*Asks:* 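The following block contains the structure, expressed as structure tokens.
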Amino acid sequence: MAGYTMTIGGRAVEASGTFGVVDPSTGEVAEQAPDATREQLDAAMDAAQAARAGWRADEKARREALRAAADVLFARSEEIGRVITLEQGKPLKDATTEAIGAGVWLKYFADLELPREVIQDDDAAFVEVVRRPLGVVAAITPWNFPLLLAAWKLGPALLAGNTVVLKPSPYTPLSSLLLGEALRDVLPPGVLNVVSGGDELGAWMTAHPVPRKISFTGSVATGKRVAASAAPDLKRVTLELGGNDPAILLDDVDPAAVADRLFGAAFMNNGQVCSAVKRVYAPEAIYDDVVEALAARAREARVGAGTAEGVEYGPINNRPQFERVSELVADAIAGGAKAAAGGRPMDRPGYFFEPTILAGVADGVRIVDEEQFGPALPVIAYRDLDEAVARANGTHFGLSGSVWGGDADRAAEVAGRLECGTSWVNTHLALGPHQPFGGFKWSGVGVENGPWGLYGFTELQVIHRAKG
């Protein structure tokens with residue numbers, strides 16, 4: 001699809017200016033996206049505000065509309081998947097799966113209960129606690145899963161009776177613009193507005209007087225700016241800000257048995273997953289075996305353009321992130337780390353980096369202490385389990401983590417000691433729409449998904465009816 005337009009008040013809207021969207025497999029501009037003006041953002045906010053009363057009034061209609069929206073995503077998943085691959089870089093199969101997953105999330109929320117709780121029913125009074133929509137929601141989404149993470153916000157926000165103005169990342173605006181176009185005949189005008197632009201547009205949104213909530217997924221630094229911008233107006237916020245997820249291997253684990261799953265959890269979407277494994281702690285006694293098992297898998301990985309047959313991993317999405325991963329790996333190697341596999345950018349156009357396993361690293365090295373968000377995994381040796389847990393927790397991040405061992409009960413006990421929002425045992429990245437997702441410390445504020453995510457798009461209201 002060419003000629004992408006924004007969706008404002010149910011209509012296709014062009015912009016006077018555009019910006020280039022780069023295909024990360026070539027490093028060249030492949031499409032143009034509209035660059036919204038401040039006046040167009042105002043129009044989107046006004047449309048969302050005007051649509052509020054009608055949308056919040058009919059819960060049955062909201063559920064039917066969300067189911068219809070999910071069906072549109074299912075029916076157009078291959079078309080949308082091609083757009084995701086173009087702008088994000090991931091293999092076409094994964095991109096199509098993302099589009100389908102977005103539909104699954106919408107359908108889940110279409111069927112989720114909006115509870116009314118009776119807290120008193122006696123001779124004196126009948127008292128209910130009900131959940132009311134907040135109003136207009138500003139949703140700002142990242143470039144790693146542009147459509148799926150939009151659905152994480154749209155499903156609960158719309159079910160609760162809010163209206164939404166959605167701004168995708170400037171690196172991956174096309175799939176969200178296509179989403180807006182696809183849902184124009186499904187959602188009433190103004191219920192979902194989609195605008196595109198750069199970082200300035202995001203700043204305008206967070207400071208805008210209309211939204212009562214900002215739901216943001218992205219970096220810690222930007223999340224802090226979003227929170228600061230929201231504070232003067234006391235806007236509600238949900239912030240999902242990434243992580244530096246540890247995986248701790250216990251001394252009774254079989255490296256060969258877990259290597260594939262561990263590698264998959266670290267390199268899914270080419271490592272560009274906020275809750276992916278970012279660092280592995282392995283006992284000294286099996287350290288070399290762990291490194292080699294992971295390195296063997298890295299050397300076998302099929303990397304290429306997302307449209308190529310049989311490709312497992314595409315490019316890094318954008319040049320700044322490509323340069324960051326390159327810098328972190330080079331820094332580790334310069335400090336004495338060994339690249340057991342990979343270690344370099346690939347000699348080809350686009351933002352391709354070899355799947356990399358780094359050995360001989362420790363806490364204090366940047367790629368261990370920071371979130372690399374790319375196809376490079378440090379493996380750190382430990383002697384004492386308590387020390388490993390302390391090192392795993394010794395970070396500002398607290399999104400998720402995992403513990404791997406032959407004795408699942410023992411592994412679960414250790415997993416309970418991790419300071420993070422989700423702690424997995426003998427798996428990682430096991431996510432679903434029913435399961436709350438959020439982080440401790442700098443990894444975020446609030447949660448997404450499940451009834452808990454839905455509640456984040458509501459206000460509590462007490463209805464107290466006196467008797468007698």
Side-chain angles (χ1 to χ4, degrees), residues 24 27 89 144 219-221 242-249 255 259 262-263 265-274 276-284 286-301 303 313-384 387-388 390-397 399 401 442:
N144 58 331
S219 71
V220 170
N244 188 5
D245 293 14
I248 299 177
L249 307 190
L262 193 60
F263 185 88
F267 287 83
M268 175 185 281
N269 200 33
N270 211 22
Q272 299 166 121
V273 184
C274 54
V277 173
K278 305 294 197 330
R279 50 197 167 122
V280 173
Y281 291 90
E284 285 184 349
I286 59 172
Y287 180 80
D288 290 343
D289 292 337
V290 170
V291 168
E292 180 49 36
L294 290 171
R297 180 65 184 83
R299 289 190 288 267
E300 295 169 354
V303 179
Y313 305 104
I316 294 172
N317 172 257
N318 57 78
R319 177 166 289 281
Q321 190 60 27
F322 172 77
E323 291 174 349
R324 172 171 171 77
V325 173
S326 301
E327 177 188 350
L328 290 176
V329 172
D331 172 76
I333 292 173
K338 174 190 174 185
R344 301 180 301 274
M346 297 177 70
D347 185 16
R348 58 176 295 172
Y351 308 137
F352 291 93
F353 198 92
E354 296 176 340
T356 297
I357 303 297
L358 293 171
V361 287
D363 299 80
V365 177
R366 287 183 60 202
I367 201 165
V368 177
D369 295 352
E370 302 178 20
E371 182 183 25
Q372 67 273 43
F373 216 69
L377 179 66
V379 185
I380 305 116
Y382 75 86
R383 290 184 180 179
D384 179 77
E387 177 196 0
R391 288 156 67 185
N393 289 334
T395 170
H396 287 301
F397 293 102
L399 188 59
W442 283 9

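Values in this document were obtained by computation on a predicted structure and should not be read as measured data.
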*Asks:* Listed by chain and number, what are the salt bridge (charged side-chain N to carboxylate O under 4.0 Å, His left out) partners of Asp369, not counting sequence neighbours?
*Replies:*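 Partners of Asp369 under the salt bridge (charged side-chain N to carboxylate O under 4.0 Å, His left out) test: none.
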
*Asks:* Would you say that Val365 contacts Pro378 through its side chain, given a criterion of any heavy-atom pair below 4.5 Å between the two side chains?
*Replies:*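 A side-chain contact is absent here, since even the closest heavy-atom pair is not under 4.5 Å.
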
*Asks:* For the CZ atom of Arg279 and the CG atom of Asp363, what is their distance to the nearest 0.5 Å?
*Replies:*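 Spacing of CZ (Arg279) from CG (Asp363) equals 7.0 Å.
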
*Asks:* Side chain to side chain contact (heavy atoms under 4.5 Å, CB included) between Leu262 and Leu249: does it pass, once the steps are laid out?
*Replies:* CA-CA 10 Å; Leu262 193 60; Leu249 307 190; 4.1 Å; yes

*Asks:* Judged by atom type as modelled, is there a donor-acceptor pair below 3.5 Å linking the side chain of Tyr287 to the main-chain atoms of Val379?
*Replies:*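 Answer holds: yes.
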
*Asks:* How many angstroms lie between atom CE of Met346 and atom CZ of Phe322, to the nearest 0.5 angstrom?
*Replies:*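 Taking CE in Met346 and CZ in Phe322, the distance rounds to 10.0 Å.
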
*Asks:* Can you tell me how far the OH atom of Tyr281 sits from the CZ atom of Arg391, to the nearest 0.5 Å?
*Replies:*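 Output value for this atom pair is 5.5 Å.
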
*Asks:* How long is the straight-line distance from CD1 of Ile357 back to CZ of Phe263, given to the nearest 0.5 Å?
*Replies:*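 It is 5.5 Å, given to the nearest 0.5 Å.
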
*Asks:* Testing the basics here: between Ile248 and Tyr382, what is the closest heavy-atom pair and its distance to 0.1 Å?
*Replies:*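 Of all heavy-atom pairs spanning Ile248 and Tyr382, the closest is CG2-OH, 4.2 Å.
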
*Asks:* Not counting sequence neighbours, which residues clear side chain to side chain donor-acceptor pair (under 3.5 Å) with Tyr313? List them please.
*Replies:*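 None.
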
*Asks:* With sequence neighbours left out, what residues match Arg324 under salt bridge (charged side-chain N to carboxylate O under 4.0 Å, His left out)?
*Replies:*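 Only Glu370 meet the salt bridge (charged side-chain N to carboxylate O under 4.0 Å, His left out) criterion with Arg324.
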
*Asks:* Any idea which heavy atoms bring Pro255 and Ala293 closest together, and the distance?
*Replies:*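 Distance-wise, the nearest heavy atoms are O-CB, 4.1 Å.
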
*Asks:* For residues Leu294 and Ala259, report the shortest heavy-atom separation together with the two atoms involved.
*Replies:*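 Heavy atoms only, the tightest pair is CD2-O, 3.8 Å.
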
*Asks:* Only counting residues at least two apart or in another chain, list the ones meeting side chain to side chain donor-acceptor pair (under 3.5 Å) with Arg299.
*Replies:*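 Arg299: side chain to side chain donor-acceptor pair (under 3.5 Å) contacts with Glu292.
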
*Asks:* Is the side chain of Gln372 donor-acceptor paired with the backbone N or O of Lys278 at a distance under 3.5 Å, no angle test?
*Replies:*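 Judged by distance alone, yes, a pair lies under 3.5 Å.
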
*Asks:* Tell me if a side-chain donor or acceptor on Arg319 pairs with a main-chain N or O of Gly27 at a distance below 3.5 Å.
*Replies:*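 Such a contact is absent between Arg319 side chain and Gly27 backbone.
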
*Asks:* Please check: side-chain N/O of Gln321 versus main-chain N/O of Phe373, any donor-acceptor pairing under 3.5 Å?
*Replies:*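 Checked: pair present.
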
*Asks:* Could you go step by step and tell me if Phe353 and Asn270 meet the side chain to side chain contact (heavy atoms under 4.5 Å, CB included) rule?
*Replies:* CA-CA 9 Å; Phe353 198 92; Asn270 211 22; 6.0 Å; no

*Asks:* For residues 327-345, please give each side-chain donor-acceptor pair under 3.5 Å, one per line with the distance, not counting sequence neighbours.
*Replies:*
from, atom 1, to, atom 2, distance (Å)
Glu327, OE2, Arg366, NH1, 2.8
Arg344, NH2, Glu354, OE2, 3.2

*Asks:* Answer whether the closest heavy-atom distance between the side chains of Ile316 and Pro375 falls below 4.5 Å.
*Replies:*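 Yes; the side chains approach each other to less than 4.5 Å.
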
*Asks:* Can you give me the closest heavy-atom contact between Val325 and Gly374, atom names plus distance?
*Replies:*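 Distance-wise, the nearest heavy atoms are CG2-CA, 3.9 Å.
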
*Asks:* Mind checking the CG-CD1 spacing from Leu358 to Ile380? Nearest 0.5 Å is all I need.
*Replies:*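 Taking CG in Leu358 and CD1 in Ile380, the distance rounds to 9.5 Å.
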
*Asks:* For the residue pair Phe352 and Val303, what are the closest heavy atoms and their distance?
*Replies:*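 Scanning both residues completely, I find the closest heavy atoms to be CD2-CG1, 3.7 Å.
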
*Asks:* Taking all atoms of both residues into account, what is the closest heavy-atom pair of Ala276 and Asp245, and its distance?
*Replies:*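 Heavy atoms of Ala276 and Asp245 come nearest at O-CB, 3.1 Å.
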
*Asks:* Tell me, please, which residues at least two apart from Gln272 pass side chain to side chain donor-acceptor pair (under 3.5 Å).
*Replies:*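 Partners of Gln272 by the side chain to side chain donor-acceptor pair (under 3.5 Å) criterion come out as none, since no residue qualifies.
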
*Asks:* I'd like to know if the side chain of Asn244 reaches the main chain of Thr395, judged simply by a donor and an acceptor atom lying under 3.5 Å from each other, with no hydrogens or angles considered.
*Replies:*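 Checked: no pair found.
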
*Asks:* Kindly compute the distance separating CE (Met268) from CG (Asn144), expressed to the nearest 0.5 Å.
*Replies:*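 That separation rounds to 11.5 Å.
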
